[in-house]
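Read the structure below first, then the notes.
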There are 2 protein chains.
Amino acid sequence: MAIYMKIVTLKDIAEQLNISVTTVSKALKDYPDVSKKTKLQVRELAKTLNYKPNAFAVNLRTRESKTIGLIIPVIVHHFFSNVIKGIISQAEKKGYLVIILQSDESYELEKKQVELLLSQRVDGVIISLANGTAKYDHLNEIIAQDKPLVMFDKIAKIVKCSKIIIDDRKAAYTATKHLIDIGCKRIAHFRGALLPQNSIDRFLGYKKALLDNNLPYDPSLVYICECGDMSFEEGKKNAKQLLKDHDDVDGIFINTDLVAIGAMTEFQQMGVKIPEDISIVGFSNWFMSSVISPGLTTINQPGFEMGKAAFKQLFKEIKARKKGKSLEPKTIVLETDLITRASTKNTIS
Amino acid sequence: MAIYMKIVTLKDIAEQLNISVTTVSKALKDYPDVSKKTKLQVRELAKTLNYKPNAFAVNLRTRESKTIGLIIPVIVHHFFSNVIKGIISQAEKKGYLVIILQSDESYELEKKQVELLLSQRVDGVIISLANGTAKYDHLNEIIAQDKPLVMFDKIAKIVKCSKIIIDDRKAAYTATKHLIDIGCKRIAHFRGALLPQNSIDRFLGYKKALLDNNLPYDPSLVYICECGDMSFEEGKKNAKQLLKDHDDVDGIFINTDLVAIGAMTEFQQMGVKIPEDISIVGFSNWFMSSVISPGLTTINQPGFEMGKAAFKQLFKEIKARKKGKSLEPKTIVLETDLITRASTKNTIS
DNA sequence: TTATTAACCGAAAACGTTTTCGAAAATAAC
DNA sequence: GTTATTTTCGAAAACGTTTTCGGTTAATAA
């Protein structure tokens, strides 16, 4: 086994059997104009020689790569790694490979990576935008090349492509309403960065829930965190600041679980009791949130399902392109639900 | 921008400038035998036409794909997603793309995925073995094709390739010794599946630490968990069983953090106090372990660094191959350290 | 037996590059 | 003005497939 073997090609098989490359190719692809006998011979030899078609040659000829590109802001993240898993699991079923790139929340990198993927002639792209992305030329380039593009979670409404999202506004509304329902009167919000649509929508849902329930909206109760690599620290920082600024806050709706957990840690260190003093609701339902103490009430964001849906949609569009059709972009909204745990406690009933 | 543009090739540029494809190619690659003038013209036009080399054609011609394959058992896992991040970050610097496959701890899948990657003509493969993998023909096939192969974390010693590991035995010894040092007399072990080398090594480290310190090794104190998707549940299950079997255990060294957290959750529900009644040490240092309460003492396993090291080694070997050389396989052992938190408390001093 | 059809095979072009090698054009040397 | 040299270019082959189309042989029908 330690002998290096030459990589075998159709030509090698053809020569050994004294037939043409054409026939070998056809035999392996089960063309009708090859005799049963030769087909058998070819297949057998192909197997013993361990023939594997050269993907480049195939792709060059057929102009499809059976490969898709995936760009996400961060990999080490419960939600995103679940999405990856969902995408890969579906891709595998359809015989597609996935090239994964991490934009690190940087527009520049994201742009470069799109170029790379286009150069690689991937059959389609799935992307969740970086926080810093405000221009969309790179995405429009994908569309201009008539390549399917699917965005998920962090999307840009303006780009004309399919999108897999949750109803962030509604989910945030539900989360905030939950705080109101259990008796919170003064509810703060730790929001995400300014740009991404879902961060905006969650903020709007929060605001609407307040106003719908006759609670005043107070901008000084809204804290921003970039939700980058340092999310946990940002949660702590914001919590500390909140304690300085306000002593009457009894509930916080926080943009993402990791930040929420940072905040909880800080509160606990400062002697603030959760949920007795402050109730907290997170977002995303990281696994972690179920095992900390107290458990974190949060919105379940179905990462695995989003990944699956994203690939399925991409695949549909790839198939349509092959038939010369072009599907209308579709926006799929997945359901979320509130998961109630000990970080919010009904102080009324 | 909504106009679909034809994908531009060297030929297109050549025709527009009334020169040959050859010259265009050379101009773009800065060959010395092209005049400054034509170089400028070509480059300008290439830019305005947004030319991107067809990776297939390039790869077919140059026989290198600038792509590597990565196979890991699970993606949604703090350690592994950190490794991915480490690999991708390095690969990006060197202009390599990473195709990620998830073996789901299945040998069959892993084997298929290796075939796929070989068919894709990746320039190298990085792999962490599935628990179920006991045969290595598929790996030897990579080697036989003279393609660099680097294994990390879950390795097979017998396969002749570079490896990036930690000293599992030593780390486990350190973890167990810590329990002994703080006064534990009856120490259990939740070990991983039977096959993977690191699961074996951790067990051996545990055992050696006991014997070196005059504590009896009792096989009935060793519990097995598969450490698959249900790790948390397995931890709970084992904890429950342990309470039934033994009432004198005062410390546990657990194969991986997630299982440890499951066990801790179960213990807390059963009213067993940590660390007063039982001290617990985990393995891997999941982020989670720092935010739960009590914090989990654990062994830090440098995932990001392992990923970086794995790619660096692979890259070295790819470069060597290009020069016709063939490096000797190298085994790199990264340092681990014990992170002491509240789940183990010194009951002596 | 001959004409017709079906079964089987292969030559060749194409996909888009890279690279070798020889030729032409421009310049330099004499 | 001729020769030698340098600069610049392009034809062609190659990478390994797929697919079209025409050709040859064998089988069938007339």
Side-chain angles (χ1 to χ4, degrees), chain A residues 5-43 45-46 49-67 95 116 118-123 145 322, chain B residues 5-43 45-46 49-67 95 116 118-123 145 322:
Chain A
M5 11 182 229
K6 177 181 176 296
I7 289 179
V8 11
T9 68
L10 289 184
K11 202 174 155 201
D12 298 323
I13 299 180
E15 279 170 0
Q16 285 203 34
L17 292 178
N18 260 322
I19 55 178
S20 74
V21 171
T22 308
T23 308
V24 177
S25 172
K26 287 192 205 169
L28 289 174
K29 309 201 83 202
D30 212 15
Y31 270 55
D33 62 345
V34 175
S35 71
K36 288 247 176 289
K37 204 179 116 210
T38 17
K39 272 185 191 170
L40 240 68
Q41 283 185 333
V42 169
R43 285 183 194 156
L45 186 56
L49 290 186
N50 198 17
Y51 167 76
K52 291 193 194 59
N54 182 320
F56 301 144
V58 175
N59 298 340
L60 180 59
R61 176 64 224 227
T62 62
R63 342 186 103 263
E64 56 167 356
S65 64
K66 291 279 184 180
T67 298
L116 239 165
L118 287 178
S119 178
Q120 274 284 322
R121 303 293 192 267
V122 291
D123 292 340
Q145 292 204 1
K322 273 207 261 185
Chain B
M5 10 181 230
K6 179 183 174 296
I7 290 179
V8 13
T9 67
L10 289 185
K11 202 175 154 198
D12 298 323
I13 299 180
E15 278 169 1
Q16 285 202 36
L17 292 178
N18 261 322
I19 55 177
S20 75
V21 171
T22 306
T23 307
V24 177
S25 171
K26 287 195 208 168
L28 290 174
K29 309 202 82 202
D30 212 17
Y31 271 55
D33 61 346
V34 176
S35 69
K36 288 246 177 287
K37 203 178 117 213
T38 18
K39 271 185 190 170
L40 241 68
Q41 284 185 333
V42 169
R43 285 186 193 153
L45 187 56
L49 290 185
N50 197 17
Y51 167 77
K52 289 193 195 59
N54 183 321
F56 301 145
V58 175
N59 297 340
L60 181 58
R61 178 62 225 226
T62 62
R63 342 186 105 263
E64 58 168 353
S65 64
K66 290 276 182 185
T67 299
L116 240 164
L118 286 178
S119 179
Q120 275 285 322
R121 303 292 192 268
V122 291
D123 292 341
Q145 291 203 2
K322 273 207 260 184

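Residue numbers begin at 1 in each chain, while the letters A, B, ... track the order of the sequences.
The distance from atom NZ of K29(B) to atom C1' of dT19(C) is 10 Å, rounded to the nearest whole Å. What separates NZ of K66(A) from P of dT17(D) is a distance of 17 Å, to the nearest Å. For L28(B) and dG16(C), the CG to P distance is 16 Å, given to the nearest whole Å. Computed from coordinates, the K11(B) NZ to dA11(D) P distance equals 13 Å when rounded to whole Å. Regarding E15(B), its CD atom lies at a distance of 15 Å from the C1' atom of dG10(D), rounded to whole Å. Distance L10(A) CG to dT19(D) C1': 13 Å, rounded to the nearest Å. A straight line from CG of N54(A) to C1' of dG16(D) spans 6 Å, rounded to a whole angstrom. The interatomic distance linking K37(A) (NZ) with dT25(D) (P) rounds to 16 Å, in whole Å.
Residue L60(A) has its side chain nearest to dG16(C) when only dG16(C), dT19(D), dT17(D) are considered. In this structure, the nucleotide among dT17(D), dG16(C), dT19(D) sitting nearest to the side chain of R61(B) is dG16(C).
Of the side-chain N and O atoms in Y51(A), one or more sit less than 4.0 angstrom from OP1 or OP2 of dT17(D). Distances shorter than 4.0 Å separate none of the side-chain N or O atoms of R121(A) from OP1 or OP2 on dC15(C). Taking 4.0 angstrom as the limit, R63(B) places a side-chain polar atom (N or O) nearer than this to OP1 or OP2 of dG16(D).
Applying the side chain to side chain donor-acceptor pair (under 3.5 Å) criterion to S119(A), with sequence neighbours excluded, gives no partner residue. Residues satisfying the side chain to side chain donor-acceptor pair (under 3.5 Å) test with T9(A), not counting sequence neighbours, are D12(A). Remark: K29(A) engages no residue in a salt bridge (Lys or Arg N to Asp or Glu O under 4.0 Å) (not counting sequence neighbours). For S25(B), there are no side chain to side chain donor-acceptor pair (under 3.5 Å) partners, not counting sequence neighbours. Residues passing the side chain to side chain contact (heavy atoms under 4.5 Å, CB included) test with K37(A) are S35(A), Q41(A), sequence neighbours excluded. In this structure T23(B) satisfies the side chain to side chain donor-acceptor pair (under 3.5 Å) test together with S20(B), sequence neighbours excluded. For R43(A), the salt bridge (Lys or Arg N to Asp or Glu O under 4.0 Å) criterion is met by D30(A), not counting sequence neighbours. Not counting sequence neighbours, the partners of K322(A) by the salt bridge (Lys or Arg N to Asp or Glu O under 4.0 Å) test are E64(A).
Inter-axis angle, ends of the helix from dT1(C)-dA30(D) to dC30(C)-dG1(D), five pairs per end, rounded to 10 degrees: 50°.
For residues 13-27 of chain A, the salt bridge (Lys or Arg N to Asp or Glu O under 4.0 Å) pairs, not counting sequence neighbours, are K26(A)-D33(A).
At a threshold of 4.5 Å between non-hydrogen side-chain atoms, the residues L49(A) and I13(A) count as touching. Side-chain contact between L28(B) and Y51(B) is present, with heavy atoms from C-beta onward closer than 4.5 Å.
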Under a 4.0 Å heavy-atom criterion, the protein footprint on nucleotides 6-11 of chain C, written with B, S and -, is --BBBB
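A donor-acceptor pair shorter than 3.5 Å cannot be found between the side chains of N59(B) and S65(B).
Residue S25(B) is classed as a base contact, given a heavy-atom separation below 4.0 Å to a base.
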Can you tabulate the close N/O pairs, meaning under 3.5 Å, that link protein atoms to atoms of nucleotides 25-28 of chain C?
none

